[in-house]
Number of protein chains: 2
Amino acid sequence: MARPQEFEVNDVLDHAMEVFWHKGFDDTSIQDLVDATGLNRGSLYNAFGDKAHLFADVMDRYRAHSLARLLATAPDDASPRQLILDFLQGLVDRARCDTDHKGCLITNTAAGLYGCNEHMSTWIRQTLISLEDVLSNVIERGQQRGEITRQSSPRALARYLVSAAQGINVMARAKPCQDTLRDIVTNTMRALEPQSS
Amino acid sequence: MARPQEFEVNDVLDHAMEVFWHKGFDDTSIQDLVDATGLNRGSLYNAFGDKAHLFADVMDRYRAHSLARLLATAPDDASPRQLILDFLQGLVDRARCDTDHKGCLITNTAAGLYGCNEHMSTWIRQTLISLEDVLSNVIERGQQRGEITRQSSPRALARYLVSAAQGINVMARAKPCQDTLRDIVTNTMRALEPQSS
DNA sequence: GGCTATCTTGAACGACTATTCCAAAACCAC
DNA sequence: GTGGTTTTGGAATAGTCGTTCAAGATAGCC
């Protein structure tokens with residue numbers, strides 16, 4: 001019926017993600033995206049609307065591949081405490097491999113959410129809440145198994161962990177030292193320990 | 001000998017800080033700064049060099065007034081554990097009053113440190129390290145008084161708290177809900193508790 | 001083969017960017 | 001008042017920004 005697209009959408013998103021992740025939304029120009037994706041300006045606009053929409057698509061793809069999947073897809077009989085440790089350690093490992101210290105795209109965007117970008121604000125908030133939900137479930141199982149303290153509710157502990165993850169991501173960017181990140185994870189986990197050890 | 005400046009440097013910095021804080025470095029234009037400070041473009045460049053230098057001056061002033069002063073200026077006989085709680089609670093209080101959710105200028109900049117701004121990167125890193133140093137001293141006193149766990153070194157615990165503070169600041173921006181922030185502080189403090197309670 | 005619908009292309013758009021420059025104004029020391 | 005020095009005001013610069021648009025290219029359907 002018509003001329004078909006000559007590119008794979010996900011490939012374009014991956015290349016665009018690399019640029020956005022590396023330079024941030026504001027510092028990324030359309031020209032950067034044209035260079036990185038190989039697409040023409042017109043094709044970009046035709047396929048993704050404008051820069052903000054393209055960024056939104058990139059964020060969706062980033063979230064779909066994020067470490068939170070680790071928690072959601074774990075088998076029910078996995079140790080909740082170990083699962084959380086793996087999650088935090090995963091953040092640290094990612095930081096170790098991230099030689100140019102890009103950090104986490106979601107955290108960076110959350111901290112850089114300037115102006116009145118209402119859509120992205122709610123996207124971020126909902127993303128954090130859904131991570132909170134997943135963590136809350138894991139924590140509840142952990143409390144039932146006696147692996148995690150009952151001094152706080154699963155919800156409160158989940159919020160604590162979401163915040164801790166944001167902290168780790170900021171540190172990974174600002175002071176990307178493995179010793180530091182290890183110390184952070186170790187002490188973050190201590191807050192989860194049951195009273196009687 | 002010559003014509004004197006017609007403005008107070010600190011007043012200009014305060015106004016510039018408000019804009020940078022609200023919109024971020026990239027989204028703040030010289031025109032915004034001209035409007036906010038009341039200074040003419042020429043005067044701005046004459047007094048502060050360029051945009052990056054002005055921002056650096058703003059950051060210096062921000063740091064000088066930051067909550068870390070609370071820790072450094074506390075009397076030696078103050079309860080270290082209470083001091084740390086006050087520090088974290090101070091972040092939450094600031095978030096409560098911050099109706100437009102600007103968060104922490106340092107954290108925002110740390111997470112948004114894109115490109116190769118070497119000077120600002122090291123400024124951020126040194127700022128975080130100096131906060132780490134102050135916290136480490138407080139923690140050491142707390143350990144001596146039995147208020148804080150000895151399971152980790154003061155340095156490791158300090159790093160944990162620096163990271164926790166970054167997390168709180170990100171959350172204050174992304175999900176500025178008082179209940180959430182309270183839960184985070186409560187559980188952050190638990191990691192400091194001595195084993196025998 | 002023509003028709004239609006889509007994608008691609010590259011130039012062009014106006015608006016905004018940070019920065020520079022220079023004449024005019026304002027002050028101080030003499 | 002005068003000379004010397006700095007600030008000031010505002011125009012001007014050169015560049016980049018995100019976006020649009022019209023023409024050309026390519027495919028399937030009748």
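Quick caveat: nothing in here was measured; it's all calculated off a predicted structure. Every chain is numbered from 1, with letters handed out A, B, ... down the list of sequences.
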(message) Without decimals, in angstroms, what is the distance between Lys51(A) NZ and dT19(D) C1'?
(response) 12 Å
(request) Return the value, rounded to whole Å, for the distance between atom CG of Asp26(A) and atom C1' of dA18(C). (result) 15 Å
(request) For DNA chain D, determine which residues of residues 39-50 of chain B have any heavy atom closer than 4.0 angstrom to one of its atoms, and list them numerically. (result) Asn40(B), Arg41(B), Gly42(B), Ser43(B), Asn46(B)
(message) Using whole Å, what does the distance between atom P of nucleotide dG10(D) and atom CG of Asp35(B) come to?
(response) 13 Å
(request) Take Arg190(A) and Arg190(B), measure what side-chain contact (heavy atoms from CB on, under 4.5 Å) needs, and give me the verdict at the end. (result) CA-CA 8 Å; Arg190(A) 183 175 308 117; Arg190(B) 184 176 306 119; over 6 Å; no
(request) Check the pair Asp98(B) / Arg94(B) against salt bridge (charged side-chain N to carboxylate O under 4.0 Å, His left out), numbers first and verdict last. (result) CA-CA 6 Å; Asp98(B) 178 21; Arg94(B) 187 175 62 186; over 6 Å; no
(request) Calculate, to the nearest 0.5 Å, the distance between atoms CD and CD1 belonging to Glu193(A) and Ile148(A) respectively. (result) 11.0 Å
(message) Could you tell me how far apart Leu54(B) (CG) and dA18(C) (P) are, to the nearest whole angstrom?
(response) 11 Å
(request) For Gln195(B) and Thr149(B), test the side chains for any donor-to-acceptor distance below 3.5 angstrom and give the result as yes or no. (result) no
(request) To the nearest Å, give me how far apart CZ (Phe7(B)) and P (dT6(D)) are. (result) 15 Å
(request) Let me know which of Thr186(B), Asp183(B), Asn187(B), Asp179(B) forms a side chain to side chain donor-acceptor pair (under 3.5 Å) with Arg159(A). (result) Asp183(B)
(message) Distance check needed: dG10(D) P versus Gln31(B) CD, whole Å only.
(response) 12 Å
(request) Answer yes or no: does a side-chain N or O of Ser29(A) lie under 4.0 Å from OP1 or OP2 of dT16(D)? (result) no
(request) Using the ring-ring contact (aromatic ring centres under 6.0 Å, His included) rule, collect all pairs that involve residues 54-76 of chain A, keeping only residues at least two apart or in two chains. (result) Phe20(A)-Phe55(A), Trp21(A)-Tyr62(A), Phe25(A)-Phe55(A)
(message) What is the separation between atom CD1 on Ile30(A) and atom P on dA15(C), rounded to the nearest whole Å?
(response) 19 Å
